[in-house]
Every structure is written in C-alpha cells, then in structure tokens.
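Working notes, beginning with the structure itself.
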Protein chains: 2
Amino acid sequence: MRRLGLYLHTLEKLSRGGEETVSSEELSGRAGTTAAQVRKDLSHFGSFGKRGLGYSVRELERELKEILGVDRSWRVALVGAGRIGSALFEYDGFDARGFDIVTVVDADPTKVGERWGGVEIRDIRELESVLREEAIEIAILAVPADAVQEVLECVTSAGVRGILNFAPAQLRVPEGVSLKDVNLVLEMEALSFSLTNRPQDR
Amino acid sequence: MRRLGLYLHTLEKLSRGGEETVSSEELSGRAGTTAAQVRKDLSHFGSFGKRGLGYSVRELERELKEILGVDRSWRVALVGAGRIGSALFEYDGFDARGFDIVTVVDADPTKVGERWGGVEIRDIRELESVLREEAIEIAILAVPADAVQEVLECVTSAGVRGILNFAPAQLRVPEGVSLKDVNLVLEMEALSFSLTNRPQDR
DNA sequence: AGCTGTGAATATGTTCACAGCG
DNA sequence: CGCTGTGAACATATTCACAGCT
C-alpha cells in the first residue's frame, strides 16, 4: 500500500520537528488523505495508537519501517547508465532510505570500466553473474524499450525478485517477482486528458 | 484513466506492425489487462468497435488520441535543470507524443543563459513572466522539495493548469489545476514491501 | 459464427458513525 | 472527554455472461 510510504515520510518530518505524538486527523491532513483512511490503513497491520491520545510518532515510524521492509538496507543494481540511469544514481532519496546502488551495468563499451563514485560500470554481457556475485535484491531497469524484455529475463534468472522499470514496455514477469513500472509519458497523457476533458473550462 | 494511454501505445505498435484490426481479446493481452476491461473502458467514450470484427486499429488510435488530448502538441516548461531535469529534457518520449519542452528555468546563476539544444535556460526569478510569455500549459517540476511549494504557487499564478511534480512533497493545488506526482522512493518502498511481505518465500 | 456493448453480480476500496479504552 | 479501532453503509471498479449487431 503506497499510502504507508507517505505516512512514513510524514512521520519523519514530524519527528524532525520534535513532535512526540500525532492524531490520525493531523497525519491525514499532512499526507493528503482522511483520518478514517489513516486509521483503517494502519489497523490492517496492528493497533499502534493509544485511544484518547493518538500515535507515538517514533513508535509508529518504527512500525511502518518494519512493515515496509525499510528497517534495513537493500542491495540494488542499476541496469542502464544513460541519462535516466545517471540521474537515478545521483538521486539522494534512494540512499537516504537504504536503497544502495552497489552495481551499475551498461551495454556501451566506452562506459564499461568507468567509475561512478566508488562503483565501476560493468559490461551487460556479465549481467547475470554480476547480479549473483553482488547478491542483488532489486534491479532498476533504465534501458531502451526494445532491450528491456531480454534484460528482464536475465535479471530474474539471477534471482532478483524486485524490479523498477523505466522502459515503456509491457513486461511479463514470472510468479513471485514484483514489478513496478514508471512510465512518464503515461503520466503526461493523464495530465493532457484532465486538461482536455474539463467541462468547466474558463 | 491511465489504461487509455496504454491502449494507445499498444495500438501504435500494432499499427507499425501493419495490423488493420484488433479484438478486445488481443488488445487486452498486449496491454496486460482483460478483454472485458478493454470493452468497458472504451464504452465510456463511445462505440468504436464493429461486432463480429473488432476495432479498426487506425480509427481507435485516432479516437484515443482525441480523448486523451494528444491529437495536438502541448507547450511544456521544465522547472529545474538539475540531473533529473536534464534527463527529462533529453527524454525522447515526450517529444514523440507532442509534449514540447519549450522553456527551461533554473535558480543556479551559472546555468542561466546556457543553451540546451535551442532552448535557453531562464532565471527562476522571471518564472511567472516567462511562463506567460511562452504560453505554457504544463509545467514539470524537478526542483528540491523545500522549494517546490513556492515554485508551484508561482506556476499556478501564471495560469498553468497541468503539473508533473518530481519533488517528494505533499503539494496543495488550487481548484482546476491537475497535479501528478512521481515519487520514486515511494515506488521503491512499495517494492520493498512486496519483497518483505511475501508469505511463500522460497 | 464472432465479437462488441452492457446490465447484473461480484469484489474492492472508502467513508461514516460509534462503541470502548485510556 | 478524546481519539482509536472497526463493523456497517456506501461508492467505485472489475468481472461475468449474454443479447444483439455484422
């Protein structure tokens, strides 16, 4: 559930602000949802609040991290060192949440061997073995759409079970593998749709 | 409805492959949904198919473009010329769908005046006037989270009504403005959640 | 006969409203 | 008394199943 992540980020902000306790009302306001929604969402995983008081910020934060599995770090590989890949590699948010990009792989021979920070870019022909050696758990695919299905198969063969895909392609993943697609054109099209189909245009 | 965009992309692939006609069965297979879903989705906007035959690829493609509002081009501004901004600027998919990034704005004085392709980077202090001059319809926000609310207010004041936001912040938009958030950490957390809460771990 | 378009059935998600604990 | 946790009511989304056009 995506909202859990939102709650966690909100709690961390509250925590930095020195708040000790928070009500579902307050939390929902900051996360852009409703109080009932917050309570229902949390109640699926346990009873974390105190009636009459609210939730302990620190405690709920810890619980949510555990539920989301971000009370640990994850070994992540970046496949594709193009423009999107490089932006993702530099993106601080991943690091801050324990998603450690410990491997970068690319097909371009002029890039292979190059170093980004402490990470050497490896040849995509070694993809499967590199992923195994590095005990990668999550792969970020930032390769061209026409290459991504092949890369995906290799990645899943290597035992990776979480995939964040940026290529605009409909991927089929084996049972037991989680896939998240980020398709920016689809997002823009959704905006275009809203702007176009607005009855009360002024 | 996000699936409409998916259908459109699928149709374009079929079209390039020379297909004349497609059934809801076929379309759903390629778009990763079900035949009934496709028919229901399309039926909200009209009757585009022929019974016993299916849908004309070319015709449905045209209809979907019109519904989504991508039968035209859009004037888009990129606010924030950092790593994510530059990756987005170079991203071909936007251009191909008629989302023309005609303006780039940044706060860094060393970047202002620089040219990316034919586009000069403008100073963020001129943001509102630049957006008006350029008749911008959609803004992509790739600025730091602590600056984004301020930028957003400026952007909406300038009459922009569609916003794609990459900053991890909960934004409040005025009535009549469409906002899409892309939060990559949330996506990764969702993956982490699936990997963590998988009962039948082998 | 084949495949759409659609009401009806089902499933899923959200909001309401309140009992019950602190 | 305040705020959570939760069943019940409501709303939305998906799937089923079939009548009806071509």
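Atom set for the values below is all heavy atoms of this structure, side chains included, hydrogens, waters and symmetry mates excluded. Predicted model, so just to flag it, every value in this text is computed and none were measured. So you know, we letter chains A, B, ... as the sequences are listed, proteins then strands, and number each from 1.
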Could you check if a side-chain atom of A:Leu6 sits within less than 4.5 angstrom of a side-chain atom of B:Gln170, using non-hydrogen atoms only?
-> yes

Sequence neighbours excluded, which residues qualify as side-chain hydrogen bond (donor to acceptor under 3.5 Å, both in side chains) partners of B:Arg51?
-> none

Please find the earliest and latest nucleotides of DNA chain D, in the 5' to 3' direction, that have an atom within less than 4.0 Å of any heavy atom of chain B.
-> D:dT14 to D:dT22

Name all pairs fulfilling the salt bridge (charged side-chain N to carboxylate O under 4.0 Å, His left out) condition that reach into residues 85-104 of chain A, sequence neighbours left out, sorted by first residue then second.
-> A:Glu12-A:Arg97, A:Glu90-B:Arg83, A:Arg97-B:Glu189

Kindly indicate, with the supporting measurements, whether the criterion side chain to side chain donor-acceptor pair (under 3.5 Å) is fulfilled by B:Arg72 and A:Thr196.
-> CA-CA 11 Å; B:Arg72 47 162 289 192; A:Thr196 304; 5.6 Å; no

Side chain to side chain donor-acceptor pair (under 3.5 Å) between B:Arg39 and B:Ser24, intermediate numbers included | CA-CA 6 Å; B:Arg39 297 202 299 275; B:Ser24 59; 3.1 Å; yes

Value in whole Å for how far the C1' atom of C:dC3 lies from CZ of B:Phe48 | 17 Å

For the residue pair B:Phe89 and B:Trp116, does the interplanar ring angle fall in the parallel (under 30°), tilted (30 to 60°) or perpendicular (over 60°) class?
-> tilted

Taking the side chain as every heavy atom from C-beta outward, state whether A:Glu128 and A:Leu131 have any atom pair closer than 4.5 Å.
-> no

Without swapping roles, check the side chain of A:Ser23 against the backbone of A:Gly54 for a donor-acceptor pair under 3.5 Å.
-> no

Flag the pair B:Gln37 / B:Asp41 as yes when at least one side-chain heavy-atom distance between them is below 4.5 Å, and no otherwise.
-> yes

Taking CG from B:Leu42 and P from C:dT4, how many angstroms apart are they, rounded to a whole number?
-> 10 Å

Apply side-chain hydrogen bond (donor to acceptor under 3.5 Å, both in side chains) to A:Tyr55 and list each qualifying residue two or more places apart in sequence or on a separate chain.
-> none

Protein heavy-atom contacts under 4.0 Å, written 5' to 3' over nucleotides 7-15 of chain C as B (base), S (sugar-phosphate only) or - (none), form the string BB-----SB

Please write out the pairs of protein N or O atoms and N or O atoms of nucleotides 20-22 of chain C separated by less than 3.5 Å, giving the distance to one decimal.
{"unit_1": "C:dG20", "atom_1": "N3", "unit_2": "A:Arg51", "atom_2": "NH1", "d": "3.4"}

